[in-house]
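These numbers were taken from a predicted model, which means no experiment stands behind them. By convention here, the first residue in the shown sequence is residue 1.
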Amino acid sequence: MSALAQLPLDATFAPIKEADVSREMTTRYMQDMLDFAEVDVVIVGAGPAGLSAAYEFTKHPEIKVALIEASVAPGGGAWVGGQLFTPMVVRKPAHLFLDDLNIQYDEKENYVVLKHAGLFTSTILAKVIASSNVKLFNATSVEDLIIRNGTVAGVVTNWALVTKAHGTQSCMDPQVIESKITISSCGHDGPFGATGVKRLAELGLIKSVPGLGALDMNAAEDAVVAKTQEIIPGMIVTGMEVAEAYGTARMGPTFGAMLLSGRKAAILAVQQLKGSKAAVGK
Ligand code: 48N
């Protein structure tokens, strides 16, 4: 019989010093911030595209990755399917990505259906968080970019609640994370939608952000994956931020393009890094 099975219902806890709880959290979090002040890759946004990119990087332990998410709960739009219905539709061949994650689904001829979108998001999130080289900083927003000679060289961060409260206080300055490559997966709606490419347009580094086209599932998913690319030196766009940046159609509640776009963004970054000198973060 397992130790848990033998545990009495009214078990009592081992004693603890309250200050030790604070010390444990503080030492680890501060060490993470010191260790990840300079990385190979920053991923902005932990929705399905950003998480898929992060998962791909877990296969490259030599590459140091910071995953930044404004919400306390990562996952973006991938906790539900469409109109808050919870099953998730993923068109083939993106089911192969689910196979890699060992996620169960119902199979149809051209697509698969997960009984709950949370099955994807919780599974991929657990694998990303458990990895040795990808560090998730949630409740943290990217407020700006580090730009050197027209190249994205990292991100400017703040607590997400501070970012939302800038109008209430005098200047609450941010922190920075330097990175060789920034993957922008900021999605398409909400207060943070497509913030990476919108900032590039504000800086005149890209002409404009045309925004989403109307819905056409078959056109949208192929186009988003095809246009997942380096938009300016140092920044790769992925997920629905691609649709915003290039004005492709939107796909609505099918998620296969998010998985394969995120995977493609990570592989493009790995190819760039392998072509360069030894990666940061050995
Ligand atoms: O889920 P999203 O919004 O974005 P994607 O591209 O990962 O997935 C898109 C998908 O959820 C859909 O919208 C589906 C396919 N619908 C399509 C359609 O046609 O309607 O996740 C983006 C994440 C969110 O969690 C944001 O909180 C976060 O990125 N985020 C940021 N985090 C930190 N700093 C920022 N500046 C920032 N901007 C966005």
Side-chain angles (χ1 to χ4, degrees), residues 43-53 56 69-71 75-98 108-114 117 120-121 142 145 152 182-269:
I43 301 171
V44 186
L51 286 171
S52 297
E56 193 62 34
E69 169 51 51
S71 303
W79 287 107
V80 290
Q83 196 166 316
L84 303 185
F85 292 14
T86 50
M88 175 186 264
V89 174
V90 172
R91 291 164 63 204
K92 294 181 178 179
H95 69 299
L96 299 175
F97 193 90
L98 301 174
K108 303 287 182 150
E109 191 185 343
N110 295 331
Y111 58 87
V112 301
V113 187
L114 284 73
F120 164 75
T121 312
V142 166
L145 301 169
V152 178
T182 296
I183 293 179
S184 202
S185 45
C186 300
H188 67 90
D189 61 3
F192 286 101
T195 46
V197 292
K198 286 174 184 168
R199 185 59 176 142
L200 295 183
E202 283 170 3
L203 297 167
L205 292 169
I206 58 174
K207 257 203 341 276
S208 67
V209 177
L212 294 179
L215 192 144
D216 175 342
M217 287 186 183
N218 291 287
E221 293 216 275
D222 292 343
V224 164
V225 177
K227 290 184 177 296
T228 297
Q229 59 192 313
E230 182 174 61
I231 190 164
I232 73 163
M235 182 186 275
I236 297 169
V237 285
T238 182
M240 286 309 282
E241 192 160 8
V242 171
E244 291 273 9
Y246 297 103
T248 73
R250 64 186 298 185
M251 69 292 287
T254 56
F255 285 79
M258 300 304 105
L259 282 44
L260 298 191
S261 172
R263 169 179 174 267
K264 178 179 175 185
I267 291 173
L268 291 176

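Between Gly50 and Ser185 the shortest heavy-atom distance is CA-OG, 3.4 Å. Across all non-hydrogen atoms, the minimal contact from Val44 to Thr182 is CG2-CG2, 4.0 Å. For Val197 against Ala245, the heavy-atom pair with the smallest separation is CG1-CB, 3.9 Å. The minimum heavy-atom distance linking Gly256 with Ala94 is given by the pair CA-CB, 3.5 Å.
Here the side chains of Val152 and Leu205 are not in contact, with every heavy-atom distance at 4.5 Å or above. Side chains of Leu200 and Met235 form a contact here, defined as non-hydrogen atoms less than 4.5 Å apart. Phe255 has its side chain out of reach of Val89: every pair of non-hydrogen atoms, C-beta onward, lies at least 4.5 Å apart. Side-chain contact between Arg250 and Met240: present, with at least one pair of heavy atoms (C-beta onward) separated by less than 4.5 Å.
Atom CD in Glu56 sits 13.0 Å away from atom CG in Leu51 (nearest 0.5 Å). Met217 CE to Arg91 CZ: the interatomic distance, rounded to the nearest 0.5 Å, is 8.0 Å. Rounding to the nearest 0.5 angstrom, the gap separating the CG atom in Leu145 from the OG atom in Ser184 is 7.0 Å. One finds the CE atom of Met258 at 9.0 Å from the OG atom of Ser52 (value rounded to the nearest 0.5 Å). In this structure, the separation between CG on Leu259 and CG on Leu98 is 5.5 Å, given to the nearest 0.5 Å. For the atom pair Ile43 CD1 and Cys186 SG, the distance stands at 11.5 Å (nearest 0.5 Å).
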Start with the C-alpha gap between Leu114 and Val90, add the side-chain angles, then the distance that decides, and say whether side chain to side chain contact (heavy atoms under 4.5 Å, CB included) holds. CA-CA 8 Å; Leu114 284 73; Val90 172; 4.2 Å; yes
Please test Met251 against Leu215 for side chain to side chain contact (heavy atoms under 4.5 Å, CB included), starting from the C-alpha separation and ending with a verdict. CA-CA 5 Å; Met251 69 292 287; Leu215 192 144; 5.8 Å; no
Side chain to side chain contact (heavy atoms under 4.5 Å, CB included) for Val113 and Met88? Distances and angles first, verdict last. CA-CA 6 Å; Val113 187; Met88 175 186 264; over 6 Å; no
Show, in sequence, the C-alpha distance, side-chain angles and deciding distance for Glu244 and Val209, and conclude whether the side chain to side chain contact (heavy atoms under 4.5 Å, CB included) test is met. CA-CA 6 Å; Glu244 291 273 9; Val209 177; 4.2 Å; yes
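With sequence neighbours excluded, the residues that form a side chain to side chain contact (heavy atoms under 4.5 Å, CB included) with Leu268 are Ile236, Lys264, Gln271. With sequence neighbours left out, Thr248 forms a side chain to side chain contact (heavy atoms under 4.5 Å, CB included) with Ala223, Val224, Lys227, Ala243, Tyr246.
Between the Glu241 side chain and the Gly196 main chain, a donor and an acceptor come within less than 3.5 Å of each other.
Open room surrounds NZ on Lys108; 12 or fewer heavy atoms of other groups in view lie less than 6.0 Å from it.
Using modelled atom types, one finds a donor on one side chain and an acceptor on the other under 3.5 Å when comparing Glu221 with Thr254. Using modelled atom types, one finds a donor on one side chain and an acceptor on the other under 3.5 Å when comparing Thr238 with Ser261.
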Distance-only donor-acceptor hits, side chain of residues 75-86, under 3.5 Å, sequence neighbours excluded:
unit_1: Trp79; atom_1: NE1; unit_2: Pro74; atom_2: O; d: 2.8

